[in-house]
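Numbers restart at 1 for each chain; the letters A, B, ... are given by sequence-line order, proteins then strands. Bear in mind the structure is a predicted one, so any value in this text is a computation, not a measurement.
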Amino acid sequence: MAAAALLRRLPASRAPATAFMAARPISDSTASLTIETSVPFTAHLVDPPSRDVTTSPAELMTFFRDMSVMRRMEIAADSLYKAKLIRGFCHLYDGQEAVAVGMEAAITRNDSIITAYRDHCIYLARGGDLVSAFAELMGREAGCSRGKGGSMHFYKKDANFYGGHGIVGAQVPLGCGLAFAQKYKKEDTATFALYGDGAANQGQLFEALNISALWKLPAILVCENNHYGMGTAEWRAAKSPAYYKRGDYVPGLKVDGMDVLAVKQACKFAKDHAVANGPIVLEMDTYRYHGHSMSDPGSTYRTRDEISGVRQERDPIERVRKLIYAYDLATAAELKDMEKEIRKDVDAAIAKAKESSMPDTSELFTNVYKKGFGVESFGPDRKEMRATLP
Amino acid sequence: MAAASSLHAAAPAATPCRAGITSTPVARSVRVATAAARPGAGRGRLVARAAVAAKGDAPSCAAASNSDGHELLLFEALREGLIEEMKSDPTVCVFGEDVGHYGGSYKVTKGLAEMFGDLRVLDTPIAENSFTGMGVGAAMKGLRPVVEGMNMGFLLLAYNQISNNCGMLHYTSGGQFKIPLVIRGPGGVGRQLGAEHSQRLESYFQSIPGLQMVACSTAYNAKGLMKAAIRSENPVVLFEHVLLYNLKGKIPDEEYVLCLEEAEMVRPGEHVTILTYSRMRYHVMQAAKTLVNEGYDPEVIDIRSLKPFDLHTIGNSIKKTHRVLIVEECMRTGGIGASLRSAIIDNFWDYLDAPIMCLSSQDVPTPYAGTLEDATVVQPAQIVAAVEQLCQ
């Protein structure tokens with residue numbers, strides 16, 4: 001099927017054949033491989049990048065591993081939510097891993113990423129660890145936001161990951177502000193502002209895009225189009241669901257978001273474009289297996305056949321697995337072992353996160369202001385607001 | 001970043017002269033946090049300088065500063081403060097509609113675009129929601145933007161950004177990000193500007209946790225508060241008033257910064273504490289003339305800091321006078337007066353000899369007709385009547 005098709009169009013690799021033989025059991029070779037993306041890019045107002053993506057066996061193995069960790073984390077979060085250890089809103093990213101991993105492969109930690117509430121995997125991609133992720137989800141003090149943010153508020157300042165935002169679309173002007181700061185400080189880096197197909201209809205997006213285009217900011221607006229804004233299909237919400245074209249005067253690229261190599265290629269292209277010419281829109285055609293959040297079964301507005309169909313045909317991890325087999329980078333048994341080990345790691349991280357305690361009550365009042373002002377909170381109905389008279 | 005000195009300043013001993021409004025304000029000693037430089041701090045990081053100030057406890061009210069100071073209009077004082085901060089800190093930039101080439105709709109940013117260039121003084125399109133959001137994003141990444149709302153009322157369009165992002169990101173990120181943003185602009189009831197252009201946004205913003213609010217009322221405190229707001233690591237909303245921009249005042253020649261959380265003693269007295277801010281300060285002082293002639297001795301405090309309240313200064317005053325009148329321009333429902341009243345009851349109930357009176361604007365959209373507009377806000381005659389009633 002797909003694997004056979006891949007084998008048929010096996011391009012001449014730039015490394016000699018011996019490189020593969022020397023790289024057993026699991027290849028960690030950094031010799032370059034050129035692989036074609038699943039589908040060509042569709043472009044708006046710009047020449048699309050080539051379909052041939054340069055990668056390496058080591059990179060493909062990293063893709064497989066990283067995406068598997070993300071997948072495992074999200075599934076574990078599902079169980080934790082049902083066990084009532086995670087409360088409130090929990091938006092899971094499984095199915096969309098290729099976007100997080102491909103983007104990270106194309107950029108550096110000096111570039112900035114900002115996203116909405118489906119942020120657990122982007123946090124991992126930016127170097128976040130499993131323990132602080134699970135601790136945050138369970139509201140413990142070892143969490144990445146000290147238990148005070150929750151699922152929708154993961155941040156990692158030292159990796160230029162700006163969160164983690166609950167209000168749909170509000171993160172896009174923030175992202176353009178980050179891009180502004182990058183330009184102001186002459187950093188030669190770019191900002192990737194992620195949003196969904198639902199957020200694509202927010203006015204502030206177009207306002208921010210207008211300003212970014214006027215001021216030539218290195219802003220890349222990435223629409224993770226999973227085709228449903230909670231329960232509303234894209235054709236019912238957007239008169240024009242060609243999100244990559246919605247920038248109008250801003251160039252855009254439509255990318256198969258389930259193909260990690262295509263994502264990597266597109267993000268690299270976009271970063272170079274944005275730093276030189278100003279904003280560009282990327283539309284990642286992707287899919288989420290879970291519902292919008294854990295409160296949404298995800299099956300009232302789409303058929304189970306559709307979900308399983310995508311899982312069969314387009315799953316990002318399976319695609320990389322087939323590539324690994326095609327290029328003989330690892331055997332099925334080795335990959336299975338890797339997955340088992342990942343599962344153990346995730347379980348260990350959950351156990352460790354559970355050991356962390358709930359935040360102390362005094363944490364209620366910390367970080368409201370940068371300096372405490374010597375009073376605990378400001379509000380006329382709080383007993384804590386006191387002044388001592390001489 | 002450790003503060004070298006506490007921002008929670010005890011009010012310095014009040015020494016303004018008793019004759020009334022001081023004409024040459026002393027550059028009072030104020031405490032400003034000096035940021036200790038982090039080891040290995042990145043380039044472009046400046047340490048805030050402590051205020052160069054004469055001591056506030058000089059026996060006379062004449063300026064203890066070396067020179068006489070200079071006179072200017074309130075909007076020029078704001079401008080001066082902004083220019084000084086932009087010169088000393090390259091991360092300060094200005095976003096707003098018509099702030100650059102046009103020079104600012106109230107001339108606060110006049111000439112700044114020529115001085116600092118288009119990358120530091122940015123003309124935005126009419127898109128408050130997004131440029132306020134961009135200000136927050138830029139602040140997250142280390143800049144210190146000053147976002148101007150051409151009229152405060154327009155910032156209602158940016159309410160989500162101000163409330164959820166600006167106010168809360170320091171908390172939800174567990175302290176990782178700070179948002180040293182300044183949001184400023186003219187508000188308040190003007191001269192027949194109509195309902196939508198006469199808003200008092202301090203009532204809407206006051207419950208946002210993480211935000212600080214100050215209101216300036218004189219050329220002296222305008223410049224001082226502008227500088228303090230820019231230097232603050234927290235997001236600060238600086239409320240200016242449309243009718244006060246052309247107010248003349250004398251300010252010191254040397255540099256000074258005021259404390260954001262401190263109230264200003266305008267006129268010390270014994271009989272009643274009148275708490276006010278912004279334009280209403282002038283209505284109060286006009287009423288004070290009448291009251292003094294009638295034999296009353298009101299203590300007038302310009303609270304300046306709308307969030308948090310300077311309960312120390314306010315409390316000391318209530319302890320002395322035992323009677324409180326609040327005069328504000330917000331509407332009766334949910335205004336600053338309502339919160340201040342609550343705070344005073346919670347903290348100083350035992351010191352009160354009479355119920356707290358609060359004079360606010362009427363709960364109506366501001367009408368266009370001049371007479372009706374005058375009836376919407378508190379007038380000096382009402383203040384006089386209120387004090388007479390309180391001091392019975």
Inset, instruction - Can you tell which part of Leu214(A) gets under 4.5 Å to a heavy atom of chain B, answering side chain, backbone, both or neither? - result: side chain

Legend entry - Sidechain-backbone polar pair: Glu233(B) side chain, Lys370(A) backbone, donor-acceptor under 3.5 Å: no

Legend entry - Gln176(B) (side chain) donor-acceptor with Ser145(A) (main chain) under 3.5 angstrom: no

Inset, instruction - Would you check if Ile211(A) and Met134(B) make a side-chain contact, meaning some heavy-atom pair closer than 4.5 Å? - result: yes

Inset, instruction - Sorted by first residue and then second, give each side chain to side chain donor-acceptor pair (under 3.5 Å) pair with at least one member in residues 175-184 of chain A; sequence neighbours left out. - result: Ser112(A)-Gln182(A), Gln182(A)-Thr189(A), Gln182(A)-Thr191(A), Tyr184(A)-Arg120(B)

Legend entry - Non-hydrogen side-chain atoms of Asn165(B) and Gln171(A) separated by less than 4.5 Å: no

Legend entry - Distance (rounded to the nearest 0.5 Å) between Asn164(B) CG and His165(A) NE2: 10.5 Å

Inset, instruction - Sort Ile167(A) into side chain, backbone, both or neither according to what part of it lies under 4.5 angstrom from a heavy atom of chain B. - result: side chain

Legend entry - Closest non-hydrogen atom pair between Tyr369(A) and Leu211(B), with its separation: OH-O, 2.8 Å

Legend entry - Atom CZ of Phe89(A): over 12 foreign heavy atoms under 6.0 Å: no

Legend entry - Per-residue contact mode, Leu205(A) against chain B (heavy atom under 4.5 angstrom): neither

Inset, instruction - Report yes if some heavy atom in the side chain of Thr172(B) is under 4.5 Å from a heavy atom in the side chain of Lys148(A); otherwise report no. - result: no

Legend entry - Least distance between heavy atoms, Ala170(A) atom then Gln161(B) atom: O-NE2, 3.2 Å

Legend entry - Interchain contact, Asn129(B) with chain A, by part (heavy-atom threshold 4.5 Å): both

Legend entry - Rounded distance [0.5 Å steps], OG in Ser173(B) versus NZ in Lys156(A): 13.0 Å

Inset, instruction - Indicate yes or no: at least one non-hydrogen side-chain atom of Leu169(B) is less than 4.5 angstrom from one of Tyr155(A). - result: yes

Legend entry - Ala138(B) to Phe180(A) - nearest heavy-atom pair and separation: CB-CD2, 4.1 Å

Inset, instruction - Enumerate the residue pairs fulfilling salt bridge (Lys or Arg N to Asp or Glu O under 4.0 Å) with a member in residues 114-134 of chain A, sequence neighbours excluded, ordered by first and then second residue. - result: Glu104(A)-Arg126(A)

Legend entry - Structural part of Glu363(A) lying under 4.5 Å from a heavy atom of chain B: backbone

Legend entry - Any side-chain heavy-atom pair of Asn160(A) and Lys141(B) under 4.5 Å: yes

Inset, instruction - Identify the two heavy atoms, one from Trp215(A) and one from Thr124(B), that lie closest to each other, and give their separation to 0.1 Å. - result: CH2-CG2, 3.7 Å

Inset, instruction - Please step through side-chain contact (heavy atoms from CB on, under 4.5 Å) for the pair Met140(B) and Leu174(A), ending with a clear verdict. - result: CA-CA 9 Å; Met140(B) 281 170 98; Leu174(A) 254 59; 4.0 Å; yes

Legend entry - Leading residue by heavy atom contact count with chain A [cutoff under 4.5 Å; candidates Asn160(B), Val136(B), Ile344(B), Ile126(B)]: Asn160(B)

Legend entry - Separation of Tyr171(B) OH from Arg146(A) CZ (nearest 0.5 Å): 10.0 Å

Legend entry - Heavy atoms of other groups near Ile345(B) CD1, more than 12 under 6.0 Å: yes

Legend entry - Which atom of Phe177(B) lies closest to which atom of Phe161(A), heavy atoms considered: CZ-O, 3.7 Å

Inset, instruction - Give a yes or no on whether the backbone of Ser130(B) and the side-chain of Glu207(A) come within a donor-acceptor separation of less than 3.5 Å. - result: yes

Inset, instruction - Could you tell me which of Ala181(A), Gly149(A), Gly166(A), Gly147(A) has the largest number of non-hydrogen atom pairs under 4.5 Å with chain B? - result: Ala181(A)

